[in-house]
Amino acid sequence: MNQRVSGLVKRVKTYQWDDGDHRWLWLLAVNSLVYMASATYTPYLSLYYREQGITSMEIGVLMAVGPVASICIQPLWGVFSDFTGKRKMTLGIVILGTAAVLLGYRLGGGFGFFLMLAILLSSFSTSIIPLSDALTLEYANRHSIHYSRIRIGGTVGYSLVVLAVGGILKEDPSMAFVFGAVGYVLLFLFALKIPVEGASVRRKAKPGKEEKPKTKGRIFYDNSWIFVLICSFVIQVGMSFNSNFMGVYIGEMGYDQQLIGVANFVSAASEIPILIGAGWIMKRFSAMQILLFSCLMMGVRMVLLTGESVGFVVASQLLQSVTYMTTYYSCVLFISKNTYPDKRSQGQSLLAMVQSGFASVVGSMLGGAVMERFGSRVSYWLMAGFVVGMTLAVLAAYRVYRHRQMPQAENVQIG
């Protein structure tokens, strides 16, 4: 027993956990810190802008201009990562860039200043999750480790930090950016120890079929990814609107950062059961089934928030489990299993570009305009209707696509 304890102490002192099967702990630590650092400032950003005198329309612009920048810049980080093969170095650059920009929020104010920072922040921060996910899934696939075993660290870490920070920010809201910068520096130190073993093994062909040769320039094996990304776009429009303006809405109801912290704690904690049962869910349902269900629940979630009481806020946040986490998990695993090995980072970057880029622009800009015109409560109803209506349209299109694919599949089997 004493030898085991002394060995553990020695390992901690020498900053070494990567002995054999324990190397996944570095990925767990990195995934935890990614979301812990984000939890210090992202839930409170819109309320911070409002307290600085920024209007709803300007908040919408600020929340949208960053994703616009990420559409142009974020994919380049994925291409650079895959082309050079230096994925850890690329991840380290974007992490430190994010930390530096966050400190800039304490240096000034005003719409123009915040606009510049929003562009810079998204140019770095939107690449952190896709790059870290590419590394994580590469290792997890090779060693048959369930991704949920690693991702749960981010959920638990986020929930604890967002609850603790909410009370502190009541006194000095700008401290959120200091906490965030410190969190990203810690993330950088842990990211240096991520185990990297090269490209993931290639997807095995289904029994009785040979894997098709790669077409030059292709990222995905087939075209089913189009519907997956469309669904992720639809739900992210609602998610972006909800996350960007929930703080403003809660402020209008007479509450402060502390309730925002509690609300985000509830939402993060609700993800844990999904992660625990993720393996069973992914085996029983397809990615499209999960995504379509999540889109409909996003509409319900936004309607619940309009109950304008703490109970309805909590009920709305509990649906984080079947809106955000089900979408995120199914999309990330779908892309990991349906991309060519040397295109892993680009595949995850494309998902991030759709969600953090195009969908976030629509959710922020459209949401800001609707909020300015109709007020918070009616805006939530309208955006919920938009998400549900788009979901039904995607469902109809997907059924047509599947119907057309069936004869082709039969012909292949007959031939």
Point-to-point distance, once rounded to the nearest 0.5 Å, from CG of Leu275 to OH of Tyr328: 9.5 Å

Heavy-atom side-chain contact between Tyr158 and Pro43 under 4.5 Å: yes

Gap separating the CD1 atom of Ile93 from the CZ atom of Phe188, nearest 0.5 angstrom: 9.0 Å

Expected output: side-chain Ser316 to main-chain Phe312 donor-acceptor under 3.5 Å: no

Backbone N/O of Ser321 and side chain of Ser270: donor-acceptor pair under 3.5 Å: yes

Between CE on residue Met288 and SG on residue Cys231, distance to nearest 0.5 Å: 3.5 Å

Test item: side-chain donor near acceptor, Ser267 and Gln320, under 3.5 Å: no

Ring geometry between Tyr105 and Phe114 (parallel below 30°, tilted from 30 to 60°, perpendicular above 60°): parallel

Interatomic distance, Thr323 atom OG1 to Phe293 atom CZ [nearest 0.5 angstrom]: 10.0 Å

Val228 versus Cys331, closest heavy-atom pair with distance: CG1-SG, 4.0 Å

Pair Tyr41 and Phe179, ring centroids less than 6.0 Å apart: no

side-chain contact (heavy atoms from CB on, under 4.5 Å) between Met57 and Met371, intermediate numbers included: CA-CA 8 Å; Met57 189 63 200; Met371 286 277 286; over 6 Å; no

Verdict with supporting geometry, Leu27 and Asn31, side-chain contact (heavy atoms from CB on, under 4.5 Å): CA-CA 6 Å; Leu27 298 171; Asn31 196 280; over 6 Å; no

Leu229 backbone acceptor or donor facing Ser232 side chain under 3.5 Å: yes

Ring centre gap for Tyr44 and Tyr48 strictly below 6.0 Å: no

Partner residues of Leu366 under the side chain to side chain contact (heavy atoms under 4.5 Å, CB included) criterion, sequence neighbours left out: Val362, Val370, Met383

Arg377 and Thr306 side chains, donor-acceptor separation under 3.5 Å: no

pair Gln317-Val314: side-chain heavy atoms closer than 4.5 Å: no

Phe245 ring center within less than 6.0 Å of Phe241 ring center: yes

Side-chain donor-acceptor contact under 3.5 Å, Thr326 with Ser294: yes

Val300: side chain to side chain contact (heavy atoms under 4.5 Å, CB included) partners, not counting sequence neighbours: Met297, Leu304, Leu319

CZ (Arg106) with more than 12 external heavy atoms under 6.0 Å: yes

Least distance between heavy atoms, Gly299 atom then Ala384 atom: O-CB, 3.5 Å

Shortest non-hydrogen contact between Ser379 and Phe374, atoms and distance: OG-CB, 4.1 Å

Expected output: side-chain Ser240 to main-chain Val237 donor-acceptor under 3.5 Å: no

Ser132 side chain near Leu91 side chain, heavy-atom distance below 4.5 Å: yes

Worked check of side-chain contact (heavy atoms from CB on, under 4.5 Å) between Val156 and Ile152: CA-CA 6 Å; Val156 174; Ile152 199 169; 4.3 Å; yes

Lys88 vs Leu192 side-chain heavy atoms within contact, under 4.5 Å: no

Close side-chain approach of Met36 to Tyr184, heavy-atom, < 4.5 Å: no

Qualifying residue, where the test is side-chain contact (heavy atoms from CB on, under 4.5 Å) with Leu33 and the options are Leu187, Leu189, Ile95: Leu187

Side-chain (Lys193) to main-chain (Trp26) donor-acceptor, under 3.5 angstrom: no

Closest non-hydrogen atom pair, Leu103 against Phe177: CD2-O, 4.4 Å

Ile235 side, atom CD1; Ile230 side, atom CD1 - distance, nearest 0.5 Å: 14.5 Å

Rounded distance [0.5 Å steps], CG in Leu292 versus OG in Ser286: 8.0 Å

Shortest non-hydrogen separation from Leu102 to Ala181 and the atoms involved: CD1-N, 3.8 Å

From CA spacing to verdict: side-chain contact (heavy atoms from CB on, under 4.5 Å), Asn264, Met246: CA-CA 10 Å; Asn264 280 274; Met246 187 185 72; 3.8 Å; yes

Side-chain touch Ile119/Ser123, heavy atoms, less than 4.5 angstrom: yes

Enclosure of Phe113 CZ (heavy-atom neighbours >12, cutoff 6.0 Å): yes

Closest heavy-atom pair and its distance - Val161, Ala39: CG1-CB, 3.9 Å

